[in-house]
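Note that the structure is a prediction, hence the values are computed from the model and not measured. First the proteins, then the strands, lettered A, B, ... as listed; each starts at 1.
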Amino acid sequence: MDLTETAAEAAFRAEARAWLTANVPAVPLPSGDTREGFAMHLEWERLLFEARWAVVSWPAAYGGRDASVWEWLAFEEEYYRAGAPQRVTQNGIFLLAPTLFAFGTQEQQDALLPRMAAAQDLWCQGWSEPGAGSDLASLTSRADRDETAGGWRLSGQKTWTTRGAFCTHLFGLFRSDPASERHHGLTYFLVPLDAPGVTVRGFPRLDGDEGFAEVWFDDVFVPDSAVLGGVDAGWQVAMATTGSERGLTLRSPGRYTATVDRLLALARDHEVDAAIEQRLAQAWMDAEAYRLFTLRQVSAEQAGRGRPGESSLNKLFWSELDIRLHELALDILGPAAELEGPWSKGFQFSLSGPIYAGTNEVQRNIVAERLLGLPRR
Amino acid sequence: MDLTETAAEAAFRAEARAWLTANVPAVPLPSGDTREGFAMHLEWERLLFEARWAVVSWPAAYGGRDASVWEWLAFEEEYYRAGAPQRVTQNGIFLLAPTLFAFGTQEQQDALLPRMAAAQDLWCQGWSEPGAGSDLASLTSRADRDETAGGWRLSGQKTWTTRGAFCTHLFGLFRSDPASERHHGLTYFLVPLDAPGVTVRGFPRLDGDEGFAEVWFDDVFVPDSAVLGGVDAGWQVAMATTGSERGLTLRSPGRYTATVDRLLALARDHEVDAAIEQRLAQAWMDAEAYRLFTLRQVSAEQAGRGRPGESSLNKLFWSELDIRLHELALDILGPAAELEGPWSKGFQFSLSGPIYAGTNEVQRNIVAERLLGLPRR
Amino acid sequence: MTHFGLPDDALALRDGLREVLTTACSTAVVRAAWDGDPCEPLWKSLGSFGLPGLLAAEAVGGLGLDELSFVAALEEAGWHGVPGPLVETMSYLPALDLPVDGSARLAVQRPAAVNVAYAQVATHVIRPYEVVAARGAGVVQTVDRSRAMGALAPAPTMTIVAKERYDDFARASLRATLGTAAFLLGLARRQVDLTVAYVKERQQFGVAVGSFQAVKHPLADAVVGTEFAWPAVMRAAYSLATGDPAGSLHVSMAKALASDASYRVSRVCLQAHGAMGYTVEYDLHLFAKRTWALANEWGTAREHRAAIARTILERNER
Amino acid sequence: MTHFGLPDDALALRDGLREVLTTACSTAVVRAAWDGDPCEPLWKSLGSFGLPGLLAAEAVGGLGLDELSFVAALEEAGWHGVPGPLVETMSYLPALDLPVDGSARLAVQRPAAVNVAYAQVATHVIRPYEVVAARGAGVVQTVDRSRAMGALAPAPTMTIVAKERYDDFARASLRATLGTAAFLLGLARRQVDLTVAYVKERQQFGVAVGSFQAVKHPLADAVVGTEFAWPAVMRAAYSLATGDPAGSLHVSMAKALASDASYRVSRVCLQAHGAMGYTVEYDLHLFAKRTWALANEWGTAREHRAAIARTILERNER
């Protein structure tokens, strides 16, 4: 057990803090889930990239700093503490990139990662379909082999694609073996959204922002190089990514400790009684407990002692924590809670937490079955 | 809508209050779930019977007062307000008796009800078996036809029989059609526990009192007159009784409003902050809401407007309310909560609420399927 | 004889209103209100039905009904998500000399509040002891956009309320609190109905998702909450109708239980819908967002519980 | 390099203790403690292992280990439900000149408390700044009878604590709070283990009840609670071991989270057992009742949260 920051880590943190202090916009950007806001966030992404803060844990060759996971956590902590903009590139750099590093060919990595880091290619995720949500393995989008052209023809529909209307590329699963069922016979494809036959329609989320898209594929040709990790091996490849989505790469602890700091500031501006104080203390503890759990989880994984179901524990906790933090803020605001603003917006966003990245119902099954060993139905 | 008490109701209430004030023991009796305490409670039951307060809603011929359900509710309110002893006869008068009134022959009613009211016959319930709890229909205790002797021979084992070690009779379900499955082919029997072949072993509950019994039947003969409501019709007959158990006859609102009064008195003896005050207000509201819900439920049933699943709503609410009330008391007591006393004892008892009379898991299924119409699995 | 239930005339009124609203208040109408539409045809229908003046005396054209009919009607209105300041209009009209035909729409400025909900569509704004015949200036967006708020424009005409009507105003405030509780339970019922329909239909893993205990049990628990809040609303209505001195306590209880129960329903129903509930293209959000706003309007659950605690801790000290 | 996890020596100690307790502390031993048995053989085994003096200096025969080993050992002791004032003895021995071989058993009289838990089996009772070598007189029964309480008998020998050891006493109090948190999580782990075994075995409706979401999901949620409390216990142990000035804050957090999480586990596990958990003939209650007692001992979750609130609301005002 050692929680002291090394000199190098401290220096890394200090550098990040100084840069963020100097560069984070004084006035928060408009939501990155609207067309105008997205464009402004892209500028921010490019600024981050130029200063080599876009992908700190990546190799320097791809625009990163080869940061350790501890440095990455420190960066995230500073990032949220500084109130820096949301990362509209996150589905690429946090969800696709780990899969590319693990399964991509050298050519794929060299071609895709630098452009992703620089926010030139903007990636969205194509998992869900109208009939395949929690039951992802029931997906029906097809990839038909085109031997002549040396590639595949995609057809079908994806939906709930976050920021799909603003992105340039999609990664997703398609059924490449027409005789297959469930999680067999699927392939992980990388698809440019300007390919002929692709239609994208943005549609609004709960808070009214156009944060979702439906994507239709009508006989869309992609070459063999668009396959990530092997034909018919898509499920295994995709599961590596959903693990990342559930676990800490998407939800770094700094996000919640920063939210709690804002919550405490809000409480100081209002009269709060002992009932609220109890909940404030709980909020502070929970965010801190999430940070400590994450440190433990990372340490265990590094020591090869990770446990099954751990990323589901993580996901259950942060998704419910996020809602509790916002509920507490709204309770402090009282009748003013209904006004549009960061807390009401954050509350609405928090409600998606128990739904996306595998519903919490599915996560509870995983904890019960894989961590505790209870029988499947 | 009319919540005014009639003159007759008010007089009835006043008479009950006066009698209770004069007769309720000044020092609470020891637990009726121990052998010594049970005997003292029987004396109380006989006192109640002599003053015609044992079974107020029954016909005068059987020892009652022909009280309306409103009068019965008023009596219960006064009973709990006075801190009167627990009703150790309740499984007979509240669970079996409604079934006897509905399904018993005139002979059965005349023979059994007066003795039950007078606490001469003491009835326990024989539903659960070691392998049949929530899944009551899986019970395996048998009733084999003995045509020669004109009756039945019972064999098998019942368990979790409340106060079984102190009772004289048992009512329960036995499989009378050996070829039957699930809820078919069961018969409802009335069995004296001194019949040859019956063995009873008391065993302790969570609070250490000998409140449960296992009952073994080894070729126990009972005559045809021991059948209640028809051979092979036991399931339908029994369901009428479990409805009573879940619903208001077992848990009258006066019980919780009286508990809340004691809770408020406890709070006045301790320093409580706003967090506790919020919970006290919630406790008061919940007990009151339970009372109002019950009034509505009774009114609807009297008007023939009862809904499926209503008794499950009722059971879910009182069982969880009872725990919350006791948790709050223990929280107010703090470190003193662990001392044996009425609140810690009541807390332990409250924990059985979500388990007995059909687990709350089963009740939630019933609400979802019968009231809301969701599909069965 | 004791009877706990809505009287037949209240039930008949509710059924009649249901018929009116089924045609006059589709979700398309609610969505129009989100875009600022004052929904004149809807209010005209409501006026013809007599709803705004439900509590007003028959002498001035009202229906002269009591609070039991009032909560029966508002629960139904909540199910339909009627946009606009219906609760406030119905509650305050009996205290004022204004038309009961739906042409007067009354918004209420709550103590210490800068902005007024429905300021854009109201004809009058009521403040403690004055009535301003004006609409709001500037729009402050709320999560439920049909409740868009605004600060008050300088008042062209203003009426100071006469002292002898102060009691009427206090009563109107209690009624508005109670009516909001009833409206919330209607919103909750609608959300449950939408959810039941959805989870019976939606298939995953080869079965309807509504067959999973993970969906059934939270929904059952949420329904327990609303089922036990509704009798409290009925009781408070009866107390106001009969002049029970504990009326204010009963109204607080009704509002606290309804706020919490309907909020919980909104959470469970959203979750049961999965991603489907998380887009404004689907209707659920219309009812969820109104729930979030109204749960905190006319006293939050915490405020009402605090008031109750003061009463019960004192009362029992006697 | 940053590493968040128990050091190898703490893990080895825990594994060794597990071996000792598996033979020395069966549930039969815990049940004997319920009947007033002071469990001498168990304490002799603990003494041989060195547990009572785990934190005491090697110079006086202790193991000289730190709080990380302390919480590792106590979590394991909690799993076995070790009866007697183990946490208190381990916490206070370093502050006193008493044998570390298990013959000295220290009970602690908490401020303002009349009765002392374990008064019947302790050799010494510690009060703010005095140590009484005496056992309690009279028995006050508690829900967990292995914790029977008593008022103190007139003290034959009493030692006033020297002023220069006040800091040691303050440290002992923090350690006892932390150790109780660790013990609670061990109790919780045991209850989960019992429950998992039971619901895998128990059949209803033709399947193991553990296959129902109604059983799985509450259990999963309860385990989330303990899984997130344990790192807080580790962190607080690390803070005490390294003299972190925020040690007291971290101990409060550990105790508050452990109290709530283990209480919740006790409720969910009892419910998952159905009637089986509701008899003292089955073992579950031994661990549940200790949980209920310890959740409120050395500060309730509410008290610790209140302390945390004071700190964080002030700290951030700087």
Side-chain angles (χ1 to χ4, degrees), chain A residues 127-128 130-138 159-162 182 201 203-212 214 272-273 275-276 279 319 323 327 330-341 343-345 347-356 359-365 368 377, chain C residues 34 110-115 117 139-145 147-149 202-207 209 211-215 217-218 263 266-268 270-282 284-285 288-303 305-306 309:
Chain A
W127 273 188
S128 301
S134 286
D135 185 12
L136 182 56
S138 69
T159 190
W160 312 114
T161 301
T162 300
R182 308 293 302 159
R201 180 187 78 94
F203 66 100
R205 298 189 310 198
L206 189 63
D207 61 4
D209 290 352
E210 190 189 347
F212 287 138
E214 292 177 297
V272 296
D273 64 11
I276 294 289
R279 289 168 67 192
S319 58
I323 294 175
E327 284 179 336
L330 298 188
D331 277 0
I332 292 171
L333 287 167
E338 70 172 305
L339 298 178
E340 287 205 348
W343 287 113
S344 63
K345 186 124 182 146
F347 167 67
Q348 290 178 75
F349 182 72
S350 77
L351 295 178
S352 67
I355 297 169
Y356 78 95
T359 64
N360 282 13
E361 288 77 8
V362 168
Q363 308 302 338
R364 288 188 190 99
N365 282 347
R377 191 66 203 272
Chain C
W34 272 58
R110 306 275 297 143
V114 175
N115 295 306
V139 176
V140 182
Q141 282 303 0
T142 60
V143 170
D144 174 354
R145 295 208 171 194
R147 278 174 57 81
M149 291 194 165
R202 170 75 173 169
Q203 302 266 325
Q204 289 284 272
F205 304 102
V207 295
V209 298
S211 66
F212 288 105
Q213 287 181 326
V215 172
H217 287 200
Y263 174 74
S266 78
R267 291 269 285 108
V268 167
L270 197 71
Q271 181 68 18
H273 273 83
M276 182 56 73
Y278 203 75
T279 168
V280 299
E281 294 195 339
Y282 183 75
L284 184 69
H285 84 107
K289 288 174 180 167
R290 192 78 65 83
T291 299
W292 304 337
L294 295 185
N296 286 333
E297 189 65 294
W298 294 100
T300 65
R302 282 204 306 129
E303 288 163 347
R305 277 195 299 267

Which of [options] touches chain C most, by non-hydrogen pairs under 4.5 Å:
options                        : result
A/G334, A/S128, A/A336, A/A275 : A/G334
A/A337, A/A132, A/G208         : A/A132
A/G211, A/S138, A/P354, A/G341 : A/P354

Nearest 0.5 angstrom please: [X] [atom1] to [Y] [atom2], how far?
X      : Y      : atom1 : atom2 : value
C/L284 : A/L206 : CG    : CG    : 8.5 Å
A/S344 : C/D144 : OG    : CG    : 12.0 Å
C/T300 : A/L330 : OG1   : CG    : 12.0 Å

Using every non-hydrogen atom in the two residues, find where [X] and [Y] come nearest and quote the distance to one decimal.
X      : Y      : value
A/P335 : C/N296 : CG-O, 3.8 Å
C/R302 : A/D331 : NH2-O, 3.4 Å
A/G131 : C/Q204 : O-NE2, 2.8 Å
A/E361 : C/A214 : CG-CB, 3.7 Å
C/F205 : A/R182 : CD2-NH2, 3.9 Å

At a heavy-atom separation under 4.5 Å, does [X] approach chain C through its side chain, its backbone, both, or neither?
X      : result
A/E210 : neither
A/I276 : side chain
A/D273 : side chain

Hey, does [Y] have a side-chain heavy atom less than 4.5 Å from the side chain of [X]?
X      : Y      : result
A/F203 : C/V280 : no
A/L339 : C/V143 : no
C/R267 : A/I323 : yes

### Query
Looking at C/R147 and A/E340, does any basic side-chain N land under 4.0 Å from a carboxylate oxygen?
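Salt bridge absent between C/R147 and A/E340.
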#### Entry: SB check C/E281 A/R205 (cutoff 4.0 Å)
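Between A/R205 and C/E281 there is no salt bridge, as every charged N stays at least 4.0 Å from the carboxylate O atoms.
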### Message
With a 4.5 angstrom heavy-atom cut-off, is it the side chain or the backbone of C/Y263 that approaches chain A, or both, or neither?
### Response
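Looking at C/Y263, just its side chain touches chain A.
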### Message
At a heavy-atom distance under 4.5 Å, which candidate from C/E303, C/E297, C/H273, C/R145 has the highest pair count against chain A?
### Response
C/R145
### Task
In sequence, state the C-alpha distance, the side-chain angles, and the governing distance for C/Y278 and A/Y356, and then conclude on side-chain contact (heavy atoms from CB on, under 4.5 Å).
CA-CA 10 Å; C/Y278 203 75; A/Y356 78 95; over 6 Å; no
### Task
Please confirm whether C/W292 and A/F347 have ring centers closer than 6.0 angstrom.
yes
### Query
Only one of C/R290, C/K289, C/M149 clears side chain to side chain contact (heavy atoms under 4.5 Å, CB included) with A/E338; which?
C/M149
